[in-house]
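The chains referred to below are lettered A, B, ... by the order of the sequence lines, with proteins before strands, and numbering in each begins at 1.
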Protein chains: 4
Amino acid sequence: MSTPHEATIAKPRWERRKEARPAELVSAALELFVEKGYAGTRLDDVAARAGVSKGTLYLYFENKEELFKAVVRENIVARISQSAEEVLHFEGSSAELVRRLMATWWDEYGSSTAGGIGKLMMAESGNFPEIARFFLDEVIEPWHRILAAAIKRGTERGEFRTVKPDMFARVVTGPLVMLSLWKHSFGACSQQPLDANEYLAMHLDIVLSALRPA
Amino acid sequence: MSTPHEATIAKPRWERRKEARPAELVSAALELFVEKGYAGTRLDDVAARAGVSKGTLYLYFENKEELFKAVVRENIVARISQSAEEVLHFEGSSAELVRRLMATWWDEYGSSTAGGIGKLMMAESGNFPEIARFFLDEVIEPWHRILAAAIKRGTERGEFRTVKPDMFARVVTGPLVMLSLWKHSFGACSQQPLDANEYLAMHLDIVLSALRPA
Amino acid sequence: MSTPHEATIAKPRWERRKEARPAELVSAALELFVEKGYAGTRLDDVAARAGVSKGTLYLYFENKEELFKAVVRENIVARISQSAEEVLHFEGSSAELVRRLMATWWDEYGSSTAGGIGKLMMAESGNFPEIARFFLDEVIEPWHRILAAAIKRGTERGEFRTVKPDMFARVVTGPLVMLSLWKHSFGACSQQPLDANEYLAMHLDIVLSALRPA
Amino acid sequence: MSTPHEATIAKPRWERRKEARPAELVSAALELFVEKGYAGTRLDDVAARAGVSKGTLYLYFENKEELFKAVVRENIVARISQSAEEVLHFEGSSAELVRRLMATWWDEYGSSTAGGIGKLMMAESGNFPEIARFFLDEVIEPWHRILAAAIKRGTERGEFRTVKPDMFARVVTGPLVMLSLWKHSFGACSQQPLDANEYLAMHLDIVLSALRPA
DNA sequence: AATGAATGAGAATTCATTCAT
DNA sequence: AATGAATGAATTCTCATTCAT
């Protein structure tokens with residue numbers, strides 16, 4: 001179908017980083033969506049922040065909604081699955097396992113730019129129910145299951161007291177999410193900045209205290 | 001069938017409701033802002049939900065931003081102050097005090113429609129820094145202080161172990177906020193609905209367990 | 001048709017100045033139309049300046065355009081005719097007649113609030129051709145005829161040199177109109193205010209110098 | 001009838017005219033502002049007259065007011081300065097100088113489309129005081145100074161009688177402005193059109209007669 | 001592959017006009 | 001006669017999307 005002379009078409013002077021573009025755009029879009037919300041983000045600004053023209057955006061994404069979906073999709077990652085492995089194969093104490101899971105959560109998800117996705121999804125879940133559902137299924141529920149599994153392991157091994165693992169996992173995820181949301185919202189206008197490490201240490205302390213067998 | 005005369009009684013195009021209008025508009029706006037975010041809310045829709053025309057909105061609010069401010073202002077309420085009283089004059093155990101504060105928080109703030117304000121502020125803090133600051137100063141910080149005071153009381157009376165009251169208060173507020181946000185976001189698309197009472201009971205259990213003196 | 005008991009209807013508490021209202025409204029409208037132009041004038045403001053509610057305006061004027069027409073109509077007055085009389089019956093020198101006509105023009109038309117009508121008509125003639133035509137026929141042309149008649153009288157009596165009366169009248173009306181327009185436009189933002197008397201004196205001097213027989 | 005192929009050649013929805021656009025828009029806006037006044041001019045119409053869509057206007061001008069300012073700015077031109085040169089270096093009689101200045105005024109300012117700017121400024125000076133001030137400083141005052149200088153020159157060379165040059169200049173500018181305003185207002189609805197040349201000849205005659213030494 | 005001028009539907013805002021009181 | 005709350009059409013302005021280059 002393609003004619004041989006196509007190969008002789010002069011190579012345009014740009015050509016570079018064909019692959020990099022979408023990532024740059026998604027990254028710029030992520031920042032702006034998190035900062036201003038979906039409706040509040042102008043594609044003009046996304047393009048400008050990515051250093052390209054507005055038209056270029058449409059070479060890679062059909063429209064604003066598809067860009068939004070891409071932003072969510074590209075940033076939820078398969079990270080969760082790694083944590084799952086850890087739970088299954090972990091050899092140490094359950095307290096240590098819980099500590100590690102939470103540290104991992106914060107390092108790889110909560111504290112990263114991608115953590116803003118949480119805020120975004122929370123704000124836009126009403127406007128994009130399918131995406132919210134997707135996020136719920138792919139991110140939130142898996143995490144709850146992993147953490148619940150770790151709790152259950154501790155109980156079964158006699159390290160933790162008996163609690164309802166699912167509900168416990170949900171509740172103690174609250175402060176983690178809170179911390180992440182805070183960074184992307186009030187954190188910016190609070191004068192004495194929140195010390196994340198101290199916060200996380202206190203949180204771990206609470207969780208483990210609450211799990212101590214009677 | 002109906003008497004001809006009745007049929008011809010002109011239905012007034014509108015009713016005079018000067019007193020009620022602003023509240024109705026603010027209420028309609030609250031729902032939509034929470035549901036769709038600031039930028040995603042059309043004033044047309046606000047007016048329609050309040051049962052008035054677009055123009056009427058402008059009789060009571062200078063513009064969209066002022067409406068937004070009014071929504072926030074009218075819904076933060078002075079509720080917090082009542083809780084403050086409770087802390088100061090409470091006679092019972094500190095565990096009971098904490099339980100009551102949390103129940104109050106949920107009943108009067110978290111579970112109410114106004115709880116959506118929290119979600120709204122979180123999403124829009126970047127776009128309205130002054131209002132976010134206001135919300136921080138008038139709602140969040142006071143609550144933290146009240147809860148911290150209750151923790152401190154428990155410690156001083158030997159009922160709780162020693163913890164940093166401020167940080168503890170912040171951390172254990174996480175699940176409360178989480179629950180409220182959930183209701184206005186993923187709650188809508190989660191199939192097995194979250195049982196708020198069970199969640200809160202578990203949370204209280206965790207908090208009190210974590211505070212138990214060694 | 002009217003029933004006797006109409007007479008027993010309680011006399012409402014307002015009642016006062018039934019006749020005065022339209023004049024107050026027209027006067028307020030005149031000021032605003034002159035100041036802001038037709039389109040730039042809000043009926044709200046007209047009503048406010050007249051000290052009545054917006055609705056009241058519609059008791060007296062069918063709509064904005066009718067109000068505008070009333071403003072023009074009520075302010076062109078029959079003043080002109082008095083000047084006409086003067087020309088016909090004046091006994092003194094033609095120079096004195098011209099002097100009087102100009103002084104009269106300034107005192108009764110140019111310097112009065114109604115002088116703003118000129119500015120208004122100039123600005124809005126394109127939007128209201130019929131009214132412009134009316135103004136032209138009822139105000140401008142008659143004035144030109146009167147002044148031309150005075151010039152002609154002077155020439156015929158040997159007091160002035162021979163000129164084309166019509167064109168002469170038009171040209172020397174220019175400074176008069178200019179002065180009136182100035183008051184309602186740049187006059188407000190010019191720092192050294194224009195001395196109208198000096199201006200008029202110079203103008204009269206020019207006119208009479210130009211008419212001096214060779 | 002026409003070859004099918006020709007008929008299917010897609011007419012571009014628009015043409016790229018970045019360079020020409022602002023001038024075209026300003027020109028369209030000038031006509032409409034002069035014709036209908038600032039408030040009476042719809043941006044839709046400006047765009048339509050310039051042959052572009054509404055949105056395009058906003059690519060070049062931030063808002064209606066900026067467009068208005070551009071219209072004024074672009075049309076006052078530095079024409080005045082040429083006349084200034086003439087006064088300084090003119091070698092002939094002062095009467096000839098005055099004649100030339102007036103002819104120049106009419107040819108280059110009064111009779112041109114840009115002359116409508118005068119009408120516009122007069123009508124809108126109240127709504128845009130800063131622009132009016134600008135116009136006063138950049139156009140009106142310079143002209144007065146130039147004409148006054150020419151009068152003074154004549155007096156000093158014994159060609160004219162002694163008059164107050166400033167006031168004289170102001171007064172005799174009246175008919176010029178009048179003529180220009182007339183063209184853009186009543187001129188349109190007057191049946192016997194004003195002969196500008198005859199008017200200007202009469203005016204020059206008056207001015208020079210009035211300046212003749214005793 | 002990239003651009004950015006142009007578009008036009010849609011949202012915010014204004015204001016002349018209506019009408020129940 | 002007077003009011004002023006309510007209306008909705010008209011206008012300004014925004015921004016996602018298109019497309020010739």
Side-chain angles (χ1 to χ4, degrees), chain A residues 11-18 21 39-47 51-65 67, chain B residues 10-19 21 39-47 51-65 67, chain C residues 11-18 21 39-47 51-65 67, chain D residues 10-19 21 39-47 51-65 67:
Chain A
K11 190 149 66 156
R13 65 194 181 298
W14 347 280
E15 183 73 7
R16 32 141 226 155
R17 291 187 305 160
K18 173 152 73 171
R21 274 294 152 63
T41 294
R42 302 212 308 275
L43 293 189
D44 256 333
D45 290 344
V46 173
V52 300
S53 76
K54 205 173 10 167
T56 301
L57 229 159
Y58 282 85
L59 293 177
Y60 297 102
F61 305 95
E62 211 171 323
N63 53 37
K64 193 180 185 181
E65 189 164 340
L67 173 62
Chain B
K11 174 128 69 58
R13 275 198 305 158
W14 38 262
E15 281 178 87
R16 243 163 226 264
R17 319 227 12 217
K18 186 165 170 45
E19 301 312 305
R21 283 284 181 253
T41 295
R42 301 210 312 278
L43 291 188
D44 255 339
D45 291 343
V46 173
V52 299
S53 76
K54 212 175 356 171
T56 299
L57 233 158
Y58 285 86
L59 292 177
Y60 300 100
F61 304 95
E62 216 171 318
N63 52 38
K64 193 178 184 181
E65 189 164 341
L67 174 62
Chain C
K11 189 148 70 159
R13 65 193 182 300
W14 346 281
E15 182 72 6
R16 32 142 228 155
R17 292 188 304 163
K18 174 152 74 173
R21 272 294 153 64
T41 295
R42 299 211 311 275
L43 292 189
D44 256 333
D45 291 344
V46 173
V52 301
S53 76
K54 206 174 7 167
T56 301
L57 229 158
Y58 282 85
L59 294 177
Y60 298 102
F61 304 95
E62 212 173 321
N63 53 37
K64 194 179 184 180
E65 189 164 340
L67 173 62
Chain D
K11 176 129 68 60
R13 276 197 305 156
W14 38 262
E15 281 178 84
R16 242 163 227 263
R17 320 230 7 220
K18 185 161 170 45
E19 301 312 306
R21 283 284 182 252
T41 295
R42 301 209 314 277
L43 292 188
D44 256 340
D45 290 344
V46 173
V52 300
S53 76
K54 211 177 357 171
T56 299
L57 231 159
Y58 286 88
L59 292 177
Y60 300 99
F61 304 96
E62 217 170 316
N63 52 38
K64 193 178 183 180
E65 188 164 341
L67 173 62

How long is the line joining [atom1] of [X] and [atom2] of [N], in whole Å?
X        : N       : atom1 : atom2 : value
Tyr60(A) : dA16(F) : OH    : C1'   : 19 Å
Glu62(C) : dT18(E) : CD    : C1'   : 13 Å
Glu65(D) : dT13(E) : CD    : P     : 18 Å
Leu57(A) : dG4(E)  : CG    : C1'   : 13 Å
Arg21(B) : dG4(F)  : CZ    : C1'   : 13 Å

Nearest to the side chain of [X] - [options]?
X        : options                  : answer
Lys64(B) : dA6(F), dA2(E), dT13(E)  : dT13(E)
Asn63(C) : dT12(F), dT3(F), dT17(E) : dT17(E)
Lys54(A) : dT17(E), dT17(F), dA6(F) : dT17(F)
Tyr58(D) : dA1(F), dT7(E), dT14(F)  : dT14(F)
Leu43(B) : dT12(F), dT3(F), dT13(E) : dT13(E)
Leu59(B) : dA12(E), dA6(F), dT3(F)  : dA6(F)

- request: Ignoring backbone atoms, test whether Thr56(C) places a side-chain nitrogen or oxygen under 4.0 Å from the OP1 or OP2 oxygen of dT3(F).
  value: yes
- prompt: Are OP1 or OP2 of dA2(E) and a side-chain N or O of Ser53(A) less than 4.0 angstrom apart?
  reply: no
query: When the nearest nucleotide of DNA chain E is assigned to Ala39(C) and to Gly55(D) on a heavy-atom basis, which residue is associated with the more 5' position?
result: Gly55(D)
Contact nearer the 5' end of DNA chain F, comparing Asp44(A) with Gly51(B): Gly51(B)
Please report the closest heavy-atom contact between [X] and [Y], naming both atoms and the distance.
X        : Y        : value
Lys64(A) : Leu43(A) : CG-CD2, 3.9 Å
Asn63(A) : Tyr58(A) : CA-CE2, 4.0 Å
Ala39(B) : Gly40(A) : CB-N, 3.7 Å

statement: Output for pair (Glu62(D) CD, Leu57(D) CG), nearest 0.5 Å, gives 13.0 Å
field: From Glu65(B) atom CD to Leu67(B) atom CG, the distance as rounded to the nearest 0.5 Å
entry: 10.5 Å
message: Let's test this: given Watson-Crick or G-U wobble pairing with both distances under 3.5 Å, identify the partner of dA12(E).
response: dT11(F)
Watson-Crick or G-U wobble mate for dA5(E), both contacts under 3.5 Å: dT18(F)
